[in-house]
Amino acid sequence: MSSNKRLHLSNPSSVTPGASASSSSFQKRFKYDVFISFRGEDTRKTFVGHLYEALKDKGIATYKDDEEMKQGKTINNQLIQAIKNSRFFIIVFSQNYASSSWCLDELVEIMECQKSGEQTAYPVFLDLEPTQVRKQSGPFGKAFLENKNKDAVGKWIEALKGASNLVGRELQATANGHEAEFIKKIVGEISLELRSINSGFDEKHGRGAGKTTTARAVFDHLSADFKAKSFVENVREVSTILGLKKLQEQVLSDVLKEDITVNGVTDGKNMMKERMCSKKVLLVLDDVDHIDKLEALAGEPKWFKPGSRIIITTRDEQVLVAHRVNGIHDIALLSEQEAVCLFSRYAFGTENLVQGYEELSGKVVRYAAGLPLTLKVLGSFLCGKDKLEWEDAINRLKRIPLKDTLEKLELSYTSLEDDYKEIFLDIVCMLKGRRKTDAITILESCGFHARNGLKVLEQRSLITISENEGLWMHDHIEEMGKNIVHRSHPDEPNKHSHLWIDEEIYDILANDKGTEETGCLRLIMWRGNSRILMKGLVLKKLKFLSLSNSNLTTFDFRMTPNLETLSLKYSPNLEELCMPVTCQKLKHLSISRSKLRTFDLGLTPNLETLSLDNCADFVELQVSVACPNLKSLSLCRSRLRSLDLELIPNLERLDLGNCHELVEINASVGCLKKVGYLDLNGCLRFTEFVCHGRSEPKVNCSSVTLDLVGKSLDLCPLHPNSNLPKLQFYCYYDENLPSSVGNFEKLISFGLCACTDFKKFSDIICSLQHLQTLKLRFAGDIPEFPKDLGKLECLEELCLYSKKIKHLPDSICMLKRLKSLKVNDGPFFEKLTDNLLEKLPDDLGQLECLERLYVRSKKIEYLPDSICMLKRLKLLDVTKCWRLGKLPEEIGQLESLEGLVLSATMIKHLPDSICMLKHLKYLKLHLCALLKKLPEDLGRLECLKELVITYTCISHLPQSIFGLKGLLITAPRELLQLYDFPSEIETRTSPIW
């Protein structure tokens, strides 16, 4: 969770200002920004001299040996230390560079440092090309031979090769030999790299030290590039006390370097617009809390000259969004190492912990949990105190939150609107850790505009939404929220709006101290007499109640007539719910691990969510009346045998996972039209069953996917005497359509036990609407694939896997939109010990849209000639087809083919028409053990980029391929050694046959 400010860097030269800021990380500090490696007699007084001055003018700390040499130190030692303490290396390769063993030793050290990943080398080639450095050729190679230290040659050559392969710049290729322009480009690139690395840090403040400190660090680092600059600190507070006019005067005076006064805010805006538009400005606006203040101090990009940089920190992202800026970044919490560094600076005046205080400091750092503000406040507070005072302060923190920290954190809360404050306190005290969707449902039922409220809280950095959609917040934000509730009646917790402290709740309930002030109560009932506590639960205004780990045997709703949300988690003794005729106000009910056997939805007409998870005795959900409000129903791990959903028309989420005795769901087509999630994992029909749907599809994206993996069972436990085949499936279904088409209902309509009417099953699969992707993988004794797959007129991808089926249904040739067909291809196929598929449909060529065809079968002897009609086919992958004796002679008619992969031990020759495949990019021949030669005209394949020949009998290559440019050939070493390949062809060795 980020602390509650955000950092924005804007670039007024763009229509929508914005540039990125790097997130904080603990990185090594370097004494020098740049180390220049060069041959002195070549370049010291010319190129390197000019480069050094240009770097200095930009404020870039640069090491150059004749400028930095210290008296009394050896050259080698000082150079090595300078190299290790430099972030970037500029290696200036000149013709005589390699004649100096000193330069070459420098280079070896530089390339070794480059491996760390924290240091970067940039080669610069003055009057030679990278290839001359790489191969030590030309004048550069001649200079290299002048060295007498032959023992170091190996490491020098390795370093030269490594450096020449790095991304660098050539003088002639970059600026047409214009040295000044060349230097300008180099310095500009280095400056830009340093900004991105150091944007959050400087020597004084270190790394990751909060928003204001980060902004100050960025300002200090960029200052050297700007003559006009201003840092406006604490805009929120200063503008409240002194007014915006004073801040406008500060910006104008700083930028124009003269005393400026304005008559009012409007006058200030006009003056800023008129007088700063010709200035390249660096401006920091720290802690801006309202868009009016941003408009007064940086109204539009055109106020500033292109190239200006505007940096804004704020606690409210909406301020930036409303001002139409981008490049908005959270500043991440500190890592443990960064936190120790920051805390030590304020507690001890050094970045290292003081001996004897390591354990105590660790406790403080863990308490701060990465929040820079807390680390600063605690470090300053503990500075100069002895160990006993430290221990006392740490123990006090466990009971009483630190006032200074909470007061600063509370600034984000106090500016919220009243209903958002209530949402925040509900999350702090009751809903932290809940899924976002669940929290929205609960909050909306209380009359809040929850979605917008959560967005506002997230923009203020008061909450975070985790990857799994959970609601979380920093521990200190939580402390702050609970402190707000507590201080309303510090000595009378029974008057608090929210109750969450177990000891206080026990006292209130056991002694009948409850008041109508309490609207929310959360209690973990580890101890205490449940019956006595329940008697005190006569809280007429209570709307939210969470009781977990109770030993209640019954719950009486008559004691809490206004209850809207009830959670009774881990209630192993609960057998009965005592209700009045109806519970009109109850909207959310969650009970887990109870002994409840039945529940009547007719008693809760306004219920929106019902969860009876892990209630192992539950056998019946009574649905006697329509339940139009029920949106979420979870009955997982129950003993339910049947479920009627006809009267629950607006269900959006249904979880029946691991209901092992569930046999039937009554749901007519359209009944589940709003369901977005359906889980039937663990019933007899499905080992896994996960269905996802959307009522509103992604933009320009409409799709339906079904993946079924089937296997045979010996017995159905629920129907041991049935003669029907016993099949069990893994099922994944994903639907992304504007409205439901009834596929959910169809998938569950053929029963949930293992007994399977295969014809009914096939009919259901072939009746699914808008299906675009279908995967059928049958590992058991399933007799055939559905015969009428051709009815799936929207199908674009079809994957069929089976070890028993001998023929594919001919109807697949009717799939006019099919783009990809996979037959026994992929990792699932590898597990099949048998594979009986003997042939592909003869009319496969009718698949006019087919682009990819994958075939694997140990028994297929030929491919149908009709595949040569597939004018759009781009990939033909025929592997592990051990009996395949030939390819169709007219395969050259596949005019769009880009890839041909062949693995067939019986293939003896390739059709000459292969040479007509003018778009073929790669040809891979593997395990074609009887194949002795390639077509002589293979060189006509002008687009061919990769040729793989592995485990074949091919003993020579056709001469025609030597004219192909950019070709990579992978073949056995013995074959490649027969030829002297041109430089345009790359080779790679493979194992020999």
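In this text, all values refer to a predicted model and were calculated from it rather than measured experimentally.
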Backbone N/O of [Y] and side chain of [X]: donor-acceptor pair under 3.5 Å:
X	Y	result
S722	H719	no
T565	H588	no
K746	S767	yes
S811	L789	yes
S896	L873	no
N650	P628	yes
T905	W882	yes
D788	S762	no
R685	L727	yes
T604	L607	no

When you compare the side chain of [Y] with that of [X], does any pair of heavy atoms fall below 4.5 Å?
X	Y	value
L910	L902	yes
L941	L947	no
E458	L454	no
N743	V704	yes
I805	F778	yes
P888	L863	yes
R434	I442	yes
Y733	T705	no

Shortest non-hydrogen contact from [X] to [Y]?
X	Y	result
V855	C881	O-SG, 3.7 Å
E608	T441	OE1-CG2, 3.8 Å
C928	S903	SG-CA, 4.2 Å
G470	W472	O-CD1, 3.4 Å
L900	L920	N-CD1, 3.9 Å
P786	L776	CD-CD1, 3.8 Å

Can you tell me how far [atom2] of [Y] sits from [atom1] of [X], rounded to the nearest 0.5 angstrom?
X	Y	atom1	atom2	result
R451	T437	CZ	OG1	8.5 Å
T773	Y732	OG1	OH	10.5 Å
F785	H807	CZ	NE2	12.5 Å
L771	Q769	CG	CD	10.5 Å
S857	R883	OG	CZ	9.0 Å
K819	E848	NZ	CD	12.5 Å

Aromatic plane relationship, Y951 with H926 - under 30° parallel, 30 to 60° tilted, over 60° perpendicular: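 Rings of H926 and Y951: perpendicular, over 60°.
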Does [X] have more than 12 heavy atoms from other residues, nucleotides or ligands lying within 6.0 Å of its [atom1]?
X	atom1	answer
Q622	CD	yes
R852	CZ	yes
K726	NZ	yes
K806	NZ	no
K432	NZ	yes
K945	NZ	yes
K886	NZ	no
Y730	OH	yes

side-chain contact (heavy atoms from CB on, under 4.5 Å) evaluation trace for L596 with D617: CA-CA 6 Å; L596 288 177; D617 296 325; over 6 Å; no
L654 and L645: CA distance, side-chain angles, deciding distance, side-chain contact (heavy atoms from CB on, under 4.5 Å) verdict: CA-CA 10 Å; L654 177 60; L645 300 176; 3.7 Å; yes
Test of ring centre spacing under 6.0 Å for F618 and F599: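 When the ring centroids of F618 and F599 are compared, they turn out to be at least 6.0 Å apart.
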Side-chain H-bond candidate by donor/acceptor type, D613 with S592, under 3.5 Å: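 D613 vs S592: no donor-acceptor pair found between side chains.
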Under 3.5 Å side-chain donor-acceptor pair for E646 and S668: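 Judged by distance alone, the side chains do pair up.
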For D679, salt bridge (Lys or Arg N to Asp or Glu O under 4.0 Å) partners two or more places apart: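 For D679, no residue satisfies salt bridge (Lys or Arg N to Asp or Glu O under 4.0 Å) once neighbours in sequence are set aside.
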Within residues 654-670 or reaching into it, pairs that qualify as salt bridge (charged side-chain N to carboxylate O under 4.0 Å, His left out) - sequence neighbours excluded: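 Found R639-E661.
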Identified side-chain contact (heavy atoms from CB on, under 4.5 Å) partner of L798 from the options L847, L821, L850: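 Among L847, L821, L850, the one that satisfies the side-chain contact (heavy atoms from CB on, under 4.5 Å) with L798 is L821.
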Working for salt bridge (charged side-chain N to carboxylate O under 4.0 Å, His left out), residues D707 and R777: CA-CA 8 Å; D707 186 354; R777 299 180 280 180; 2.8 Å; yes
Set of ring pair (Phe, Tyr, Trp, His ring centres under 6.0 Å) partners for F689, sequence neighbours left out: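 Testing F689 for ring pair (Phe, Tyr, Trp, His ring centres under 6.0 Å), a comparison that skips the adjacent residues, returns F686.
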Working for side-chain contact (heavy atoms from CB on, under 4.5 Å), residues V948 and L925: CA-CA 6 Å; V948 177; L925 306 171; over 6 Å; no
K760 and D757 ion-paired at < 4.0 Å: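 Not counted as a salt bridge, because no side-chain N and carboxylate O are separated by less than 4.0 Å.
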Pi-cation contact, Y677 with R653 (under 6.0 Å, within 45°):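 Yes, R653 sits over the ring of Y677.
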From CA spacing to verdict: side-chain contact (heavy atoms from CB on, under 4.5 Å), L643, N666: CA-CA 6 Å; L643 179 63; N666 182 21; over 6 Å; no
